[in-house]
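All chains are named by letter (A, B, ...) in the order of the sequence lines, taking the proteins before the strands, and each is independently numbered beginning at 1.
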Amino acid sequence: MRFERREHRPLYLMILAPLLAIVAALVLAGILIAIAGAPVLEAYRRILLGAFGSRLSATETLTRATPLILTGLAAAVAFRARLWNIGAEGQFYFGAIAVAAFGSKMLAGLPALMLIPLLLIIGAIAGMILILVPLWLRLRFSVDEVVTSLILNFIAVLFVSMLIDGVLKDPMAFGWPQSQGVVDHAMLPKLIARSRLHIGFAIAIALAAIVYFIQSRTVFGMQSRAAGLSPSGAVFAGVRLGTTLVKVACLSGGLAGLAGAIEVMGVKGYVTTDLSPGFGYAGIVVAMLANLNPLGVVLAAIFTATMFVGADGMSRGLGIPTYIADVTVALSLLTMLIALFFTQYRVRR
Amino acid sequence: MSTLIDIIASAGLWAAVLRIATPLIFGTLGALLCERAGVLNLGIEGIMTFGAMIGWLSVYHGADLWTGLLIAALAGGIFGLLHSALTVTLGLSQHVSGLGVTLFASSFSYYVFRLIVPVAGTPPTIAPFQPIAIPGLSTLPFLGPAVLTQTAPTYLAILVALVMAYILFRTPVGLAIRMTGENPHAAEAQGLNPMRVRYGAVIAGSALMGMGGAFLTLSAFNSFFPTMVQGRGWICIALVVFASWRPGRALFGALLFAFFDAFQLRLQTAVQGVPYQIFLMTPYILSIVALAVMSRRARVPQALMQPYRRGER
């Protein structure tokens, strides 16, 4: 048995592959649910109901999808240029803590119309600052950024923990390590009344469209793709690799930082060290599920959020550990990799 | 200053160094073996988590400690098989496949653990490996209590480092592995099967990673809790670069790293007024610094991360 590269990728395969991958992941996860002794179809019915069964749960799912869209975009833009930014988790926390630092007292006097955009920008810049460390190490010392950006996640969370235990600690939190809250008018307006769904969701979708436009219609988008396809070829074609990577990194880190900022300003209002249940890491899966397509990221993020939100209700009802959501999402990453492979290769005996 | 000297002179510090180093030695050697054959294995963090979980679970359900360690190694090997299938047979991006394996292995560990062990106030425990006092030597002053009263897996880890150094540089198998990592086409011209060599190295390397994880639950602690691996896997990947892909230096690097880790733990209690997070950050910062310093003169296996397909260049 050997594999032969396809001359061109048929469109039907490109559309079918992600769907097949998700079905395969659901079947595999179904086996695990069955082993746990629960009815599989009932489990999936409850996940869907838990995620979309009521107005409350549907808005909750979209609220959960919001940071995932942004961290997914962060991974997608970086991976396309083969910049392995695995540090979205840390960048998320940097964006979040920057917003808490500036939005609680320092800029509190500004009116909402100025304060909110300013805080979003500050959050994005905080994310960019963190990603510049692994990028600098790669460009200056040729250190693979996978490990450095990953290890920075641990450092970033410890740094945030230090701040919310120290200078940024909320004295009213009964000794609990929690940052001071942002002022009320820094909170993002609700998209739907009497729900947690905030305008950040619309911002995330708009950014997905913008990133799609940048990647498909601009010179920078073309350069970043070229840098990913073949670095040496890109250099030969006159692309300045270093500059391109810095721009890609700023976009990627900025999006992840923005995710943290929006999560604080949209949902919590303050920062704790469990603000993110792994949004940064889930963003990697979201990006892969979308085959690095910015518009696909929106769908993949909603799928992932559906699993996470839906699994809570299913878990309570059927006694299956909620980790089944993480397992399913991770499995769909693996099945997606295999599915994408078969859009590029065919099997020859 | 005198506190620093007191800390360094205490036998307890050095005993802790070896204990902290053990999972790093296993993990670094495992990653090193994979990379020597040309495969980056970022599945390490997840494989260590799974090894920690399955080793603990086996012992909790009545297996003896060595069987637990063996099961962890087997489980690690199975994840290695998965990573090889994706990266060697299909030639997928080693970065992405490894991250996929990590995400799957860790979430699968938590799932299986929660499925079998219900939520409880205090986590259930097992009787872990006990320190072995080497007869005669362990009664030596300082050296005895510091170095020669470790648990069996620690001695095993050191032994594995020596054996791996021997195998890699003194045997035909080692030559085959190194050649495959440098130039799989040349290896094939010599009548080797690069695919098979890569499969073997990744499976064996992943088995070592599983054992490194199992050390945490079977020796260092006596219970399993999610996130207990705490980035040790990623530190191992950094240590491989620090070690310039040599087992002896990997052993040294893991010990050096563990020294700083054990030292900062003791410094935390000795030095007041500095946030404890600063101390906790140092091992991570250190591994980044080590990467930056060593990357310049590191001799990376030339075919690392390059998929090999017969007849395709």
Side-chain angles (χ1 to χ4, degrees), chain A residues 1-3 5 29 32 35-37 79 82 84 86 133-134 136-138 140-144 146-148 150-155 157-163 165-166 278 281-282 284-285 288 315 319-331 333-334 336-338 340-342 345, chain B residues 40 42 45-46 82 85-86 89-93 95-115 118-119 226 230-231 233-235 237-238 240-241 275-281 283-285 287-288 291-296 298 300 305 309-312:
Chain A
M1 186 179 84
R2 53 182 295 154
F3 302 112
R5 202 180 273 273
L32 294 176
I35 290 174
F79 286 11
R82 267 199 229 166
W84 301 104
I86 318 295
V133 178
W136 177 72
L137 289 167
R138 165 164 165 183
R140 179 79 178 72
F141 300 100
S142 54
V143 183
D144 191 33
V146 170
V147 183
T148 48
L150 239 165
I151 291 176
L152 271 172
N153 290 339
F154 295 91
I155 298 176
V157 174
L158 283 168
F159 181 71
V160 167
S161 149
M162 186 175 87
L163 292 181
D165 235 0
Y281 302 108
I284 297 167
V285 185
M288 292 310 303
S315 167
I320 304 291
T322 45
Y323 288 117
I324 193 67
D326 301 75
V327 175
T328 314
V329 169
L331 274 173
L333 166 61
L334 293 174
M336 180 66 82
L337 285 177
I338 297 168
L340 288 175
F341 174 83
F342 285 105
Y345 289 87
Chain B
L40 177 71
L42 296 181
E45 183 81 7
L82 173 66
L86 295 173
T89 303
L90 300 186
L92 298 174
S93 157
H95 280 124
V96 177
S97 164
L99 292 170
V101 171
T102 278
L103 288 169
F104 172 60
S106 30
S107 52
F108 188 50
S109 309
Y110 307 154
Y111 175 74
V112 173
F113 181 71
R114 268 286 154 260
L115 201 58
V119 187
Q230 271 190 331
W234 309 121
I235 286 166
I237 299 280
V240 175
V241 180
Y276 71 94
Q277 291 95 342
I278 296 270
F279 294 106
L280 290 181
M281 271 182 219
Y284 300 112
I285 294 175
S287 52
I288 291 182
L291 271 176
V293 173
M294 297 308 286
S295 285
R296 288 178 151 180
V300 191
M305 291 189 267
R309 289 204 182 83
R310 205 160 295 163
E312 219 180 84

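For Ile155(A), the parts sitting under 4.5 Å from any heavy atom of chain B are the backbone and the side chain alike. Contact of Ile285(B) with chain A is made through backbone and side chain together, with heavy-atom distances under 4.5 Å. Looking at Pro283(B), there are no atoms closer than 4.5 Å to chain A (heavy atoms on both sides), in backbone or side chain. The contact between Val143(A) and chain B is made by backbone and side chain atoms together, counting heavy-atom distances below 4.5 Å. Proximity to chain A is limited to the side chain of Tyr276(B), based on heavy atoms less than 4.5 angstrom apart. For chain B, the nearby part of Arg140(A) is the side chain; its heavy atoms alone come within less than 4.5 Å. Contact annotation for Leu291(B): both backbone and side-chain heavy atoms come within less than 4.5 Å of a heavy atom of chain A. Only the side chain of Ser93(B) has a heavy atom closer than 4.5 Å to any heavy atom of chain A.
Proximity of Leu150(A) to Tyr281(A): side-chain heavy atoms (C-beta onward) are separated by under 4.5 Å at one or more points. For the pair Met288(A) and Phe79(A), the minimum side-chain heavy-atom distance is below 4.5 Å.
Each of Ile237(B), Leu99(B), Val96(B) has some count of heavy-atom pairs under 4.5 Å with chain A, and the biggest count is that of Val96(B). In terms of heavy-atom pairs under 4.5 angstrom with chain B, the leader among Ile320(A), Asp165(A), Leu32(A) is Leu32(A). When Phe141(A), Phe159(A), Trp84(A), Phe342(A) are compared by the number of non-hydrogen pairs under 4.5 Å with chain B, Trp84(A) comes out ahead. Chain B forms more heavy-atom pairs under 4.5 Å with one residue of Ile324(A), Leu137(A), Leu333(A), Thr148(A) than with any other, namely Ile324(A).
Judged by distance alone, the side chains of Arg114(B) and Tyr323(A) never bring a donor and an acceptor atom under 3.5 Å apart. Between the side chains of Glu45(B) and Thr102(B), no donor-acceptor pair is found at a separation under 3.5 Å.
Here Phe154(A) pairs with Trp234(B), Tyr284(B) under the side chain to side chain contact (heavy atoms under 4.5 Å, CB included) rule; sequence neighbours left out.
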Worked check of side-chain contact (heavy atoms from CB on, under 4.5 Å) between Ile338(A) and Leu90(B): CA-CA 8 Å; Ile338(A) 297 168; Leu90(B) 300 186; 4.2 Å; yes
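By the 30° and 60° cut-offs, the orientation of the rings of Phe341(A) relative to Phe3(A) is perpendicular.
The CG atom of Asp144(A) sits 7.5 Å away from atom CG of Leu42(B), with the distance rounded to the nearest 0.5 Å.
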